[in-house]
Amino acid sequence: MARLRMIQAINSALREEMARDPKVILFGEDVRMSLFGDTKGLFEEFGPDRVRDTPISEVLLTGMAVGAAAAGYRVVLHLMYANFLYTGFDAIANQAAKLRYMTGGQIKLPIVFMASCGGGRSSAAQHSDSPHPMFMNLGGVHVATPGTPADAKGMLKSAIRDDNPTIYLTAGGRGGSAGDVPDEDVTTPIGVSFCAREGTDITVVPIGSMVRPTLTVAERLAKEGISVEVIDPRWMVPLDTSLILKSLTKTGRLVVVDEARDLCSAASQIAAVAADQGFSDLKAPVRRLTVPDLAIPYSPPLERAVLPDAEKIEASIRELVSYKAG
Amino acid sequence: MARLRMIQAINSALREEMARDPKVILFGEDVRMSLFGDTKGLFEEFGPDRVRDTPISEVLLTGMAVGAAAAGYRVVLHLMYANFLYTGFDAIANQAAKLRYMTGGQIKLPIVFMASCGGGRSSAAQHSDSPHPMFMNLGGVHVATPGTPADAKGMLKSAIRDDNPTIYLTAGGRGGSAGDVPDEDVTTPIGVSFCAREGTDITVVPIGSMVRPTLTVAERLAKEGISVEVIDPRWMVPLDTSLILKSLTKTGRLVVVDEARDLCSAASQIAAVAADQGFSDLKAPVRRLTVPDLAIPYSPPLERAVLPDAEKIEASIRELVSYKAG
Amino acid sequence: MSNKNLSKDELLSIYRSMVTIRQFEERLSAESKSGILPGPVHVYIGQEAVAVGICAQLTDDDWITSTHRGHGHFLAKGGTPAALMKEIYGRETGICGGKGGSMHVADFSRGIIGANGIVGGGIALATGAALAAQLDGKGRCAIAFFGDGAANQGVMCEAMNVAALWKLPLILVCENNGYSEFSKAADVTAGVLSDRAKAYGVPSEQVDGNDFMEVWRAAGRAVARARNGEGPTFLEARTYRLHGHVESEHTFLPKAYREESEVEAWRERDPIKAFAAMLSDGIASAQELEAIEQEIAALVEEAAAEAAADPWPDPEAAFKHMFA
Amino acid sequence: MSNKNLSKDELLSIYRSMVTIRQFEERLSAESKSGILPGPVHVYIGQEAVAVGICAQLTDDDWITSTHRGHGHFLAKGGTPAALMKEIYGRETGICGGKGGSMHVADFSRGIIGANGIVGGGIALATGAALAAQLDGKGRCAIAFFGDGAANQGVMCEAMNVAALWKLPLILVCENNGYSEFSKAADVTAGVLSDRAKAYGVPSEQVDGNDFMEVWRAAGRAVARARNGEGPTFLEARTYRLHGHVESEHTFLPKAYREESEVEAWRERDPIKAFAAMLSDGIASAQELEAIEQEIAALVEEAAAEAAADPWPDPEAAFKHMFA
Ligand SMILES: Cc1ncc(C[n+]2csc(CCOP(=O)(O)OP(=O)(O)O)c2C)c(N)n1
Ligand SMILES: Cc1ncc(C[n+]2csc(CCOP(=O)(O)OP(=O)(O)O)c2C)c(N)n1
Ligand SMILES: [Mg+2]
Ligand SMILES: [Mg+2]
């Protein structure tokens, strides 16, 4: 067990997987110098064939990832910020997500498209999006949104070994929160959600960056006798709602906390599943705590106004536990 | 009143708006010859300055639309197939959707990004997507999904006159269904949903291409005494859920029919709103009839297997009206 | 084949390949008009010397990416006509199980990464395959076929930059048939396409795409460069599509967009006729050529008959193959 | 100004403009390091002659688009230093009300379409503005400033193609400062940048971006072409950024990516020093120049003081301006 920041956990996952399998290659803009630190040292360790700095050409890079994967490599493409996934969107959406299916399953596409997502650092609208819902709607790509350093590591390792394209999004930029990470070669099973805290009064489902503040709030509320169950789905695709539905049979109340914009968010999806498969268990309206349908502003008070945080999570939970059918 | 196909209704909206306002310009690939017929005759009528064939350069075109709109024009950019919105995604997502907000409201961006969407014609995975949910999640763009020729015309006219970017998606390729279209200069108010059929047993909300088969089914079921209320939201952004919620107070049962893939679909969004704001009215699980999270296949039996149609709509309705809380 | 002259057997096999594409697509064209084929079909008729000229320099281990007009590349690279026909018919027995159709035919076992419905989409895929080929270190190369219209997608320039920097074994084959859909190249394409490579230091040349030997020789030079680790090459093949952009265009276009005289002039320059004329000049007899044509006609007939008789896919198959 | 020599007043106003950018950003650099500024800051120090040299040929009616390194362009095009400073401080009084910050500063009233956090993003916007300018028919033009790194985004080539075909009044100004982030241009950029324009028939030239007069003259030619309906021009300005890519880079980079001697050599070629030396050679006295520097110092001090004192935006403002 070591205490690592998110970015260090990612770095060690990359190092271990590259050491494990010579077919794993990594490329992207400035992966040698490593803006975030997550690819630091890999060039020195694995050399210029397997670790390549690229020109700023996202349209090409995403397509190259598909071509190289189709031709037998396991590709990690570092795209820096999630907003640049938009720049290279075409080959993700039209090729990576479809080529296997269109060709009747002739190939495997082991690709990890990785990027930092989310707000909170005054990076403003073009560097702060949380676009996992778009990739959920795309079909054909896995979507990983780890909420802890341990999962950041385990999920990245799983994604690299898996034969499907994965959009791997982590909040936190250059650091990210710290947490215990196992020393052993541990992977996190794909499409398996996780009960991060047991409780009986209400189910809270936080996505990615929202896991930490949710756990903080749950702990705080426990002291007041509000018992919060926290289910971290970890993977947005494949989305495992089994624990959420199971939890609902106990609590009957659900809040989903998502740093994405509200319309067609992961929160909406999970709420929709609850309203369908979990309907008979619901004792209260299903709440979504999301970002309003806005771009992320620069100035700290504006950014705070739009992003969910511990305070807003707490307020949502309090409101919902006190809901009485009228 | 004239009986027009979808594509003719679009053509007349474009013609009327270009005649009305000399600031309206149209460009895109082959808009002169017009693959679908929707831009037919406009070059001849409005000349080479205002109607331009472009090279195949979607990355540029979407950005040019933003630049030209910021500089004072009302831009209609024809992108042919919705999948090519992915090719030009960057400037839609990073510029069109954010530039006004980021600059503190300094500008208006009157742009219509138009394309044909949806399956049913064996065009296969790269020409059959229904990506409105991605644009719903994007924030900053209106999303229009007309379901009838009259709305196709009225909504396009509204979108052209509006000062915001609109993603305007119509199913039907070269023809589309026929319907009555008013002769007068009629616009469809932005963000206002429409009760396409009144009923008391169940509320069905079809999106875009699903409006027609839903109405057919509703009519058929009426003969059996199943009274279906059909609410067509028309605009996915701004999404008007007021009529849906109102309808739920009457019916307590909801099916949303969406040709998009299920995860984070418009169906999920509407279901989530129902599970929140409409919770106390719900008498049954909220159902989504959507496309599985797959690419659209080519061969007709495969395509039929994945797309919602009248038969599947009917089955969903029957199942839900017979639901009894147990 | 790259550095030697072609034997009679090789020349006849090339003829067979070009004739296969032609007859295959003439059949498709007829079927498309008769409404049997589920989706849109873009045929390659008139451009056969390009696909065959390039692919005659390749092995199964090399990669190609293609376009919406991809049947010719598929067949030239060794794909099976019957498997292709069945795919376009939408049958279970198609090379992609009926999931892809005309615009997505692929055969990875033969290095055919596939046709592509996204104009320019194959260029980046080929660049990625070229990277894989370089890492493999076995002298493979990757070819991107694309049109003059696709050359206006910026990704082409992005690819040339990376391929030049990394000396990737990539060959960019731009088939300049003078049109993208219904737009004349002159209206949508500035300058000379092969010049676009120069600024990146990528060797480039223009070839007569209707002259098999010229294409084949240029391909030989490019493939040798690629296999020797000398980096990418850009080939602009000037050619013409003798049919419309899409077989159904006569049903919806308001007017013609090409002069009949222009089409006629290019019909005179039919690459297959020209190649046959060369063969007839002392290499093969008229009977030998005719025998090949009849052999292919039978093969195409059989493929079409089989395709028509083969079963449609089981609807349940739609739910397979999204994820590995 | 384009076709005449510059008067003393004009030269001093140019000096003022360059010094404003420099002092403004030196202040920002210090503030960034002190942690006062909310977001990342990329400064333009060392490249001032490019923005000022180009913008000195423009009017408020012309359009510019800029980059993540956009303060210089904003100021050179006539944007107000105080409004800029307040924006970067994140204050309500900022030019974008605190919504944009350093990477999104814009002032449409002065034709400043804005900085851009997407590398290459401004190129397409400028092309669209050039289309608008052409339709307006008033002789306006549009300028896209972008870096050597951005030149590897394919959209640059797409823009040159359209601008050449349509003869758009577009000027592509590539500021080649030798680096994109921490990558040397030679490692990620094949060939000579200005050559990329040639294949499209877009006139191009390389200029010494640290020599104001050279930039200004080239800009004059390009602007004249644009205004006369002769179409686009590509200018590659060779320059250097004297600071890091981002002001915070010393806190996270594992090692240096440039030789100190290289930075030093370019510091010797400081564009403002060079311009001052030219002025000192018989045009303006040392006192006159110093007076300008002091005047600017006061202005920057005042802008920073005001910015620090100005209110933060009301959180409710976050919910405005998404839609018109
Ligand atoms: C990204 C994208 N944009 C537009 C289209 C529509 N489209 C299909 S083929 C075509 C023309 C292609 O021209 P060219 O590259 O010259 O190939 P050719 O058809 O001449 O073989 C266009 C515009 C597309 N399929 N993909
Ligand atoms: C689409 C996109 N990709 C990557 C980045 C990250 N990034 C920011 S600046 C930069 C380097 C830009 O280099 P250049 O264009 O030469 O401009 P300079 O910083 O030298 O002024 C990169 C890669 C980005 N902002 N946008
Ligand atoms: Mg062509
Ligand atoms: Mg640079």
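To find a chain, count down the sequence lines: A is the first, B the second, and so on, and within it residues start at 1.
- The closest donor-acceptor contact from the side chain of Asn164(A) to the backbone of Ala324(C) lies under 3.5 Å.
- The side-chain contact (heavy atoms from CB on, under 4.5 Å) search around Ser242(A) returns Asp240(A), not counting sequence neighbours.
- Across every non-hydrogen atom of Val237(A) and Phe323(C), the tightest pair is CG1-CZ, 4.1 Å.
- Annotation: residues 19-40 of chain A contacts chain C through Lys23(A), Ile25(A), Phe27(A) [non-hydrogen atoms, separation under 4.5 Å].
- Nearest heavy atom pair, residue Ala70(A) against residue Phe108(C), reads CB-CE2, 3.8 Å.
- Looking at Gln134(C), the atoms closer than 4.5 Å to chain A (heavy atoms on both sides) all sit in the side chain, from C-beta outward.
- Thr62(A) does not touch chain C: none of its heavy atoms, backbone or side chain, sits under 4.5 Å away.
- Contacts with chain C (heavy atom to heavy atom, under 4.5 Å) involve these residues of residues 72-85 of chain A, listed by number: Tyr73(A).
- For Asp107(C), the parts lying near chain A are the backbone and the side chain together; criterion is any non-hydrogen pair under 4.5 Å.
- When each of Val141(A), Asp163(A), Ile56(A) is scored by its heavy-atom pairs under 4.5 Å with chain C, the top score falls to Val141(A).
- Ranked by non-hydrogen atom pairs under 4.5 Å with chain C, the options Ala71(A), Pro165(A), Pro238(A) are led by Ala71(A).
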Discussion item. What verdict does the side-chain contact (heavy atoms from CB on, under 4.5 Å) test give for Gln153(C) and Val59(A), after you've listed the backbone C-alpha separation in whole Å, the side-chain angles of each residue and the deciding distance to 0.1 Å?
Written reply: CA-CA 10 Å; Gln153(C) 294 283 36; Val59(A) 176; over 6 Å; no
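- Contacts of Ala115(C) with chain A are absent, with no heavy-atom separation under 4.5 Å from either backbone or side chain.
- Of the two parts of Leu135(C), the backbone and the side chain both hold a non-hydrogen atom closer than 4.5 Å to a non-hydrogen atom of chain A.
- Comparing Val162(C), Ile123(C), Leu165(C) by how many heavy-atom pairs each has under 4.5 Å with chain A, the most go to Val162(C).
- Top candidate by heavy-atom pairs under 4.5 Å with chain A, chosen from Gly122(C), Gly97(C), Ala129(C), is Ala129(C).
- Chain C is approached within less than 4.5 Å, heavy atom to heavy atom, by Asp90(A), Asn94(A), Gln95(A), Ala97(A), Leu99(A), Arg100(A), Tyr101(A), Met102(A), Thr103(A), Gly104(A), Gly105(A), Gln106(A), Ile107(A), Lys108(A) from residues 86-115 of chain A, ordered by number.
- Using a 4.5 Å cut-off between heavy atoms, Ala126(C) does not touch chain A at all.
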